[in-house]
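Throughout, residue positions are numbered sequentially from 1 according to the sequence presented.
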Amino acid sequence: MKKTLLIAMLALLVAAAGVGAAAANLFGVTPARAASLSVETTAALAPAGSGFTYQGRLKNGTAPANGQYDFTFALYDAPGGGALIGGPLSQANRTVSEGLFTALLDFGAAAFNGDARYLEIAVRQTGGGGYTTLSPRQAITPAPYALYALKAKGYKNVVTVAQDGGDFTSIQAALNSITTNAVANRYLVWVGPGTYTERVTMKPYVDIEGSGELTTRITFAGGGSYDLATLQGASNAELRSLTVENTGGTNYAVAIYNNLVSPSLLHVTASASGGTVSNYTMYNLGGAASMNNMRIIAIGAANNNYGVLNSNFAEASMTDVTVTASGGTLNFAVANVNSSALINNVTLTASGGTDSFGVFNSNSTLKMTNVTGIASDGTFSNTGVHNVNGSSLSMSKVTLTASGVASGNNIGVNNATSDASMDSVNLNSSGATTNYGAYFFGTGIHTIDNSILTGTSNTVVGNVLVGSSRLAGGPAVGSVTCAGVYDENYTFFPNTCP
């Protein structure tokens with residue numbers, strides 16, 4: 001069946017106008033995507049007609065908003081003033097989670113006649129006072145999706161999945177129908193809004209794109225082994241704009257599993273919970289997975305919670321990613337075992353259980369830049385980065401906090417028989433029986449420059465060179481060489497340690 005798809009693509013950025021008290025300090029919305037479909041076919045696709053899905057990000061102060069909010073949307077023919085073309089449409093009591101919200105808007109087919117159109121948004125907390133109108137209005141500029149897909153991304157084929165009216169109602173059925181995928185014959189499987197309860201195995205040269213992280217969801221229960229994931233990736237394939245979750249209920253809850261393959265993941269929310277043994281949200285067994293603009297969540301009372309696990313010589317990269325691991329006996333935001341990882345512009349949070357690790361790095365190479373990590377509330381220990389077994393660690397512009405009332409140790413960086421190089425890092429440790437900014441044990445080359453180390457028991461312990469840094473809290477002990485350092489009172493020590 002031949003179909004022509006037209007999707008209006010938006011690249012939007014919305015900043016708020018003046019903020020009133022009734023608006024609860026709202027000052028920003030960053031729309032991620034708005035799309036309308038016009039389908040020429042004998043069977044209607046979903047979504048169809050003049051409606052389009054609008055997904056945005058809402059901030060409360062400087063943090064992503066969470067809770068219930070009311071929205072209004074109005075369509076104008078000018079960026080300011082002008083005539084009201086459609087609306088306002090009200091969207092009351094909408095759920096906003098980690099800043100993300102989705103609204104289905106329909107101003108009618110007559111609203112879009114080829115002339116310029118601008119979307120005006122107003123928002124308030126549900127049950128609050130008046131609305132705050134956000135400014136500026138956003139220009140809606142349609143582009144033919146088929147042309148975009150074929151020319152900009154190289155697709156020669158588009159297969160649609162929708163709960164009513166698509167080529168298929170199952171993502172895996174759509175993938176199974178594709179037999180001619182190749183480097184010169186790429187496919188796109190476009191997935192409409194809805195929840196798809198199934199296991200999905202991707203194919204090379206076949207990308208999967210949903211309608212948004214809050215709009216398209218792939219979900220499945222756990223399994224008796226870690227390879228029974230909700231989704232298995234493939235090399236030369238990209239997954240984007242949807243949510244993948246595994247709800248557990250048996251030994252292993254695995255959301256995304258990549259076995260010796262190197263997929264690309266973009267604008268994906270992934271979660272794993274409910275496994276009785278382990279929750280793995282991203283399990284990369286070898287390969288070179290690329291993770292960009294993702295939210296990764298591992299939560300639940302399993303023995304082990306892994307936000308991201310890289311093993312078996314995996315070469316993983318993470319950019320603009322948020323990872324949370326909490327509630328298990330052992331919680332790892334990221335774990336690298338016999339692997340290498342590049343982590344840039346990433347926020348890591350591990351909490352609860354007996355031990356929590358922002359990053360666990362064993363016999364692996366890790367480079368971290370512009371990273372914020374928090375390890376907290378483990379009853380025995382909390383460690384920002386645990387670097388052991390001949391690993392190599394490089395950190396720049398990294399802030400790590402280890403905190404919580406633990407009976408053992410809280411450590412910003414724990415380094416054992418491994419190399420570690422740190423520049424412009426902030427390590428802060430407090431709350432446990434013993435608290436170390438950085439702890440170095442065994443052999444290895446260890447340097448710290450232009451940094452702040454705070455440990456209420458000891459700022460730094462072991463064999464390490466520290467230059468041009470602040471050591472605040474307990475004394476430096478061990479074979480520590482200090483050059484041009486100062487303490488929390490700004491007392492300068494040119495060639496000794498505080």
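Taking each heavy atom of G224 and N251 in turn, the nearest pair found is O-ND2, 4.0 Å. Scanning all heavy atoms of the two residues, the minimum distance from T456 to S430 falls at CG2-CB, 4.1 Å. What you find for V346 and M318 is that their closest heavy atoms are CG2-O, 3.8 Å. Contact record, V398 with N370: CG2-N, 4.5 Å, taken as the closest heavy-atom pair. Between V96 and A65, the closest heavy-atom pair is CG1-O, 3.3 Å. Of all heavy-atom pairs spanning Q232 and D227, the tightest one is NE2-O, 3.0 Å.
With values rounded to the nearest 0.5 angstrom, R94 atom CZ is found 10.5 Å from D70 atom CG. How far CG of N426 is from CD1 of I452: 4.5 Å, rounded to the nearest 0.5 Å. With rounding to the nearest 0.5 angstrom, the CG atom of N410 is 9.0 Å from the OG atom of S457. The CZ atom of F440 sits 9.0 Å away from atom CG of N387, with the distance rounded to the nearest 0.5 Å. In this structure, I343 CD1 and L366 CG are separated by 5.0 Å, a value rounded to the nearest 0.5 Å. Here the CG-OG distance, from N361 to S418, works out to 7.5 Å after rounding to the nearest 0.5 Å.
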What do the steps show when you test N415 against Y439 for side-chain contact (heavy atoms from CB on, under 4.5 Å), and what is the final call?
CA-CA 6 Å; N415 191 85; Y439 192 102; over 6 Å; no
N246 and T230: side-chain hydrogen bond (donor to acceptor under 3.5 Å, both in side chains), yes or no, with the steps?
CA-CA 6 Å; N246 192 293; T230 301; 3.1 Å; yes
Criterion side-chain contact (heavy atoms from CB on, under 4.5 Å) on C482 and L471, from CA distance to verdict:
CA-CA 10 Å; C482 292; L471 305 182; 4.0 Å; yes
Let me see the working for M282 and N258 under side-chain contact (heavy atoms from CB on, under 4.5 Å), right down to the final yes or no.
CA-CA 8 Å; M282 283 286 305; N258 298 311; 3.8 Å; yes
Between W190 and S211, is the side-chain contact (heavy atoms from CB on, under 4.5 Å) condition met? List the steps.
CA-CA 8 Å; W190 185 87; S211 302; 3.3 Å; yes
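Between the side chain of T243 and the backbone N or O of E213 there is at least one donor-acceptor pair closer than 3.5 Å. Remark: the backbone N or O of L266 is not paired with any side-chain donor or acceptor of N292 at under 3.5 angstrom. Checking side-chain atoms of S391 against main-chain N and O of T365 turns up no donor-acceptor pair under 3.5 Å. For the pair E315 (side chain) and F313 (backbone), a donor-acceptor distance under 3.5 Å is absent. With hydrogens and angles disregarded, no donor-acceptor distance shorter than 3.5 Å links the side chain of S424 to the backbone of K397. Under a 3.5 Å cut-off, the side chain of N489 and the backbone N or O of T491 do not form any donor-acceptor pair. Side-chain atoms of S356 do not come within 3.5 Å of backbone N or O of A375 as any donor-acceptor pair. Looking at T354, its side chain does come within 3.5 Å of a backbone N or O of T329 through a donor-acceptor pair. One N or O on the side chain of S364 and one on the backbone of S339 form a donor-acceptor pair closer than 3.5 Å. Between the side chain of Q172 and the main chain of E198, no donor-acceptor pair closer than 3.5 Å is present.
A ring pair (Phe, Tyr, Trp, His ring centres under 6.0 Å) with Y283 holds for exactly one of Y226, F332, Y306; it is Y226.
A donor atom on one side chain and an acceptor atom on the other are not found under 3.5 Å apart for D377 and S351. S381 and D355 share a donor-acceptor pair across their side chains, judged by distance under 3.5 Å alone. Between Y436 and N414, the side chains place no donor N or O within less than 3.5 Å of an acceptor N or O (distance only, hydrogens not considered). No hydrogens or angles considered: nothing links the side chains of T401 and N428 as a donor-acceptor pair under 3.5 Å. With 3.5 Å as the limit, one finds no donor-acceptor pair spanning the side chains of S421 and D419. If you check the side chains of T319 and N345, you find no donor sitting under 3.5 Å from an acceptor.
Within 6.0 Å of atom CD1 in I445, 12 or fewer heavy atoms from other residues, nucleotides or ligands are found, so the atom counts as exposed in its surroundings. Heavy-atom neighbours of F493 CZ from other residues, nucleotides or ligands within 6.0 Å: above the threshold of 12. Atom NZ of K203 has more than 12 neighbouring heavy atoms from other residues, nucleotides or ligands inside a 6.0 Å radius.
Side-chain contact between I218 and V191 is absent, with no heavy-atom pair separated by less than 4.5 Å. Inter-residue side-chain proximity for I208 and V200 is flagged as met; some heavy-atom pair is nearer than 4.5 Å. Inter-residue side-chain proximity for S468 and D449 is flagged as unmet; no heavy-atom pair is nearer than 4.5 Å. A heavy-atom distance below 4.5 Å is not found between the side chains of D207 and Y187. When side chains are defined from C-beta on, S235 does not count as touching P204, because their heavy atoms never get closer than 4.5 Å. Contact of the Q68 side chain with the T95 side chain is registered, since non-hydrogen atoms from C-beta on lie closer than 4.5 Å. Between P263 and I256 the shortest side-chain heavy-atom distance does not fall below 4.5 Å. In this structure the side chain of F360 never reaches within 4.5 angstrom of the side chain of L330, judged on heavy atoms.
Partners of N363 according to the side chain to side chain donor-acceptor pair (under 3.5 Å) rule, which considers only residues two or more places apart in sequence or in another chain, are N338.
Checked against the 6.0 Å centroid threshold, Y69 and F101 do not count as a close aromatic pair.
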